[in-house]
Amino acid sequence: MLAKHKILKLFRCHHSQKNLKIKPLRHLICNPFCTATESPELTSRIKSSDTQKPGEDFVIPSLASWVESYKLHDQTRLASNILSEKRDTDIDRFSKILKNRYPSPDGVVQALNGSSLSASTGLIEQILRRFSNDLVPAFGVFTWAKTQTGYRDTPEIYNSMVDILGKCKKFDLMWDLVREMNDLNDGYVTLATMGKIIRRLVRGGKYDEAVEAFRGLDKFGVTKDAMAMNLLMDALAKENSVEHAYEVFCEFKDCTPLNIRTFNILIDGWCKARKLENAERTMDEMKKHGFLPNVISYTCFIEHYCHQKDFRKVDEILKEMQENGCKPNAVTYTIALHALGKAKQINEALEVYAKMKSDGCLPDATFYSSLIFILRKAGRIKDANEIFEDMKTQGVMPDVSTYTNMISSACELSQEEDALKLLRKMEEDSCKPNLKTYAPLLKMCCKKRRMKVLNFLLIHMFRNDVSIDTGTYTLLVRGLCMSKKLELACSFFEEMVSKGMVPMNATYKMLVEELNKNCMGEAKEHIEKLMSRVKPQEPV
DNA sequence: TTAGGGTTAG
């Protein structure tokens with residue numbers, strides 16, 4: 001928690017800097033990378049890309065050696081087998097094989113059979129993470145590993161594979177695998193497995209099938225308890241289908257034990273769907289069942305009113321909580337702080353912070369992230385950075401989302417150096433970046449035509465086992481289109497399709513239009529051919 | 001394992 005004088009300083013700053021505009025940042029002019037060591041595949045893509053204009057694709061001197069070391073590191077690993085750490089060598093050898101785009105998992109199996117590689121649990125886990133959006137290599141490795149003597153998949157590995165199949169909407173294969181797990185008769189199928197199935201089915205719009213999966217839990221030796229039912233209801237409510245969640249509730253409430261979470265899931269669902277009367281009715285029903293509303297129940301309502309910017313109502317709920325002896329927690333305060341910040345009521349937001357402190361509630365990483373976010377949005381960069389530094393001295397370590405937020409803000413402000421330094425800092429702090437961390441960086445590279453930094457980021461992602469998903473490919477294709485890096489845009493489009501992903505119609509149209517404008521008839525035909533093989537999807 | 005930012009969009 002910040003000392004009181006620091007909070008006061010934030011208030012003072014706000015008044016004195018109310019009309020302060022962010023100064024346009026000096027464009028960073030830096031030394032170019034040396035060109036010798038890039039990842040082979042991307043280099044060929046980037047080299048075949050449009051000719052670069054002067055001033056593009058520079059990197060900050062203070063970061064050049066880091067970026068360069070990554071690339072050297074990567075190439076050494078891929079090129080040489082003489083390395084000290086066996087596991088690291090193996091993951092690279094696997095990756096090298098898997099990066100050949102085999103048309104089917106069988107192709108992968110054959111390729112691996114022809115190698116001298118052997119399976120181990122840690123290795124297979126890592127590969128499934130690294131290729132979690134890439135069904136053919138993932139399923140190929142998984143299938144191959146099962147045939148290896150002395151190796152047996154753990155339930156966790158099976159669960160990861162189930163999840164990947166569900167994510168790629170291969171529901172039949174997913175069910176086959178669950179039955180296979182069940183046939184092992186060794187307690188492989190658990191609620192964790194069925195939870196993945198239910199969530200993937202719901203996300204694929206298969207609500208009825210998800211409910212059926214719940215009904216059939218006993219077949220897999222999984223108990224239909226409150227936890228299982230909550231899981232189903234939560235999946236439905238999160239997918240904007242609180243009505244389905246309510247149907248489940250009505251159908252099973254008499255034969256399944258309920259707990260306070262069951263009701264809170266519904267309350268949250270109704271609040272998010274802006275069906276407030278239903279949320280209130282659920283609150284009454286909850287009391288009838290002998291459950292008193294807790295901080296989560298109230299916070300759902302607070303979030304609703306924050307969303308409506310009805311801060312008077314928020315105060316009312318807070319008062320009601322106090323009357324009922326229910327204390328707001330860090331989540332409650334974060335919601336209020338963030339909403340006030342978004343509504344440009346910075347002083348009121350900071351009052352929330354002061355109130356939190358006086359209430360003796362400790363902020364966590366997410367709270368600080370929100371505080372940093374709203375300060376940066378208000379142009380208070382220096383204060384935001386100070387909070388970021390200060391949170392560590394307060395004993396709260398920045399987490400992935402804190403870093404992601406900082407990186408995202410830096411990218412928005414075109415502070416390339418800061419953004420990359422933050423990524424390096426994450427590495428130093430052993431904080432693993434995820435797709436959301438990379439997204440703003442990738443976007444910035446596309447916009448500023450930093451192709452070599454883009455190359456570096458893609459290697460960085462791969463080494464951190466972050467698998468590129470449809471959204472990220474969309475971002476890359478769109479970003480590169482806008483920067484007229486059309487050949488590269490095409491190559492990402494192709495890679496996306498080759499992984500079985502379906503590009504959005506808008507993305508496809510944008511690419512084709514740009515190719516048309518630039519008289520790239522051959523490339524256009526190629527893209528059209530690719531698209532005709534996949535089912536076009538209307539943007540949601 | 002019920003509540004907390006942002007996601008493409010110009």
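Please read all numbers here as calculations on a predicted model, not as lab measurements. Any value given below was found using the heavy atoms of this structure, including those in side chains, with hydrogens, waters and symmetry copies removed. In what follows, every chain begins at residue 1, and chains take the letters A, B, ... in the order their sequences are listed.
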**Message:** For the aromatic rings, using the six-membered ring if either is Trp, is the centroid distance between A/F291 and A/F263 under 6.0 Å?
**Reply:** yes
**Request:** Apply the salt bridge (Lys or Arg N to Asp or Glu O under 4.0 Å) test between A/D134 and each candidate in A/K499, A/K167, A/R129; give the one that qualifies.
**Result:** A/K499
**Asked** Quantified in whole Å, what is the C1' atom distance between nucleotide B/dT2 and nucleotide B/dG6?
**Response** 22 Å
**Prompt:** Less than 4.5 Å apart, any side-chain heavy atom of A/N264 and any of A/M286?
**Reply:** yes
**Prompt:** Regarding A/K432 and A/N464, is there a side-chain donor-to-acceptor distance under 3.5 Å anywhere?
**Reply:** yes
**Message:** What's A/I335 touching, base or sugar-phosphate or nothing? Going by heavy atoms closer than 4.0 Å.
**Reply:** sugar-phosphate
**Request:** Please work out which residues in residues 193-211 of chain A have a non-hydrogen atom less than 4.0 Å from an atom of DNA chain B and list them by number.
**Result:** A/R199
**Prompt:** CD1 of A/I468 versus C1' of B/dT7: gap in Å, rounded?
**Reply:** 16 Å
**Fill in**
Closest of B/dG6, B/dA3, B/dT2 to the A/V331 side chain is B/dA3
**Message:** Using a heavy-atom cut-off of 4.0 Å across all strands, would you classify A/D268 as base, sugar-phosphate, or nothing?
**Reply:** sugar-phosphate
**Message:** Heavy atoms from C-beta onward define the side chain here; which of B/dA3, B/dT2, B/dG4 lies closest to that of A/T366?
**Reply:** B/dG4
**Request:** Compare side-chain N and O positions of A/K436 against OP1 and OP2 of B/dT8 and report whether any pair is under 4.0 Å apart.
**Result:** no
**Prompt:** At under 4.0 Å, does any side-chain N or O of A/H304 touch on OP1 or OP2 of B/dA3?
**Reply:** no
**Request:** Measure the distance from OH on A/Y246 to P on B/dT2 and round it to the nearest whole Å.
**Result:** 21 Å
**Asked** B/dG4, B/dT8, B/dA3: which one has an atom nearest the side-chain heavy atoms of A/R478?
**Response** B/dT8
**Fill in**
A/L318 CG to B/dG4 P, in whole Å, measures 17 Å
**Message:** Mind checking if A/A330 touches a base, just sugar-phosphate, or nothing, with heavy atoms under 4.0 Å?
**Reply:** base
**Request:** Mind checking A/N329 for me? I need base, sugar-phosphate or nothing, with any heavy atom below 4.0 Å counting as a touch.
**Result:** base
**Prompt:** Which is true for A/F367 with a 4.0 Å heavy-atom rule: it touches a base, it touches only sugar-phosphate, or it touches nothing?
**Reply:** base
**Asked** Once you round it to whole Å, what is the distance between C1' of B/dT8 and CG of A/L476?
**Response** 12 Å
**Message:** Of the options B/dA3, B/dG6, B/dG4, whose atoms approach the side-chain atoms of A/D364 most closely?
**Reply:** B/dG4
**Prompt:** Residues two or more places apart in sequence or in another chain: which of them pass salt bridge (charged side-chain N to carboxylate O under 4.0 Å, His left out) with A/R215?
**Reply:** A/E212, A/E251
**Separation of atom CD in A/E412 from atom C1' in B/dT8, rounded to whole Å** = 14 Å
**Message:** At 4.0 Å (heavy atoms only), tell me whether A/T474 reaches a base, stays on the sugar-phosphate, or touches nothing.
**Reply:** nothing
**Message:** Under 4.0 Å from OP1 or OP2 of B/dA3: is there any side-chain N or O of A/K238 that close?
**Reply:** yes
**Complete:** From CE of A/M510 across to C1' of B/dG10 the rounded distance in Å is 8 Å
**Item:** NZ or CZ of A/K309 within 45° of A/Y305 ring axis and under 6.0 Å
**Value:** no
**Asked** Can you find a side chain N or O atom of A/K443 that sits less than 4.0 Å from OP1 or OP2 on B/dA9?
**Response** yes
**Message:** Regarding A/K447, tell me which of base, sugar-phosphate or nothing describes its non-hydrogen contacts under 4.0 Å with the strands shown.
**Reply:** nothing
**Message:** In whole Å, I'd like the distance from the CD1 atom of A/I265 to the P atom of B/dG4.
**Reply:** 12 Å
**Request:** Provide the distance between the two C1' atoms, one in B/dT8 and one in B/dG4, to the nearest whole Å.
**Result:** 23 Å
**Fill in**
A/E528 meets the salt bridge (charged side-chain N to carboxylate O under 4.0 Å, His left out) criterion, sequence neighbours left out, with A/K524
**Message:** Closest approach to the side chain of A/R261, judged atom by atom: which nucleotide of B/dG4, B/dG6, B/dT1 is it?
**Reply:** B/dT1
**Request:** Please tell me which of the listed nucleotides, B/dA9, B/dG10, B/dG4, lies nearest to the side chain of A/E303?
**Result:** B/dG4
**Item:** Sugar-phosphate, base or nothing in reach of A/T402, heavy atoms under 4.0 Å
**Value:** base
**Message:** Under 4.0 Å, counting only non-hydrogen atoms across every strand here, what does A/L231 touch: a base, just sugar-phosphate, or nothing?
**Reply:** sugar-phosphate
**Asked** Nearest-Å distance, CZ (A/F493) to P (B/dT8)?
**Response** 19 Å
**Asked** Can you tell me how far the CG atom of A/L475 sits from the CG atom of A/L480, to the nearest 0.5 Å?
**Response** 9.0 Å
**Message:** Tell me whether the rings of A/Y188 and A/Y158 are parallel (<30°), tilted (30 to 60°) or perpendicular (>60°).
**Reply:** perpendicular
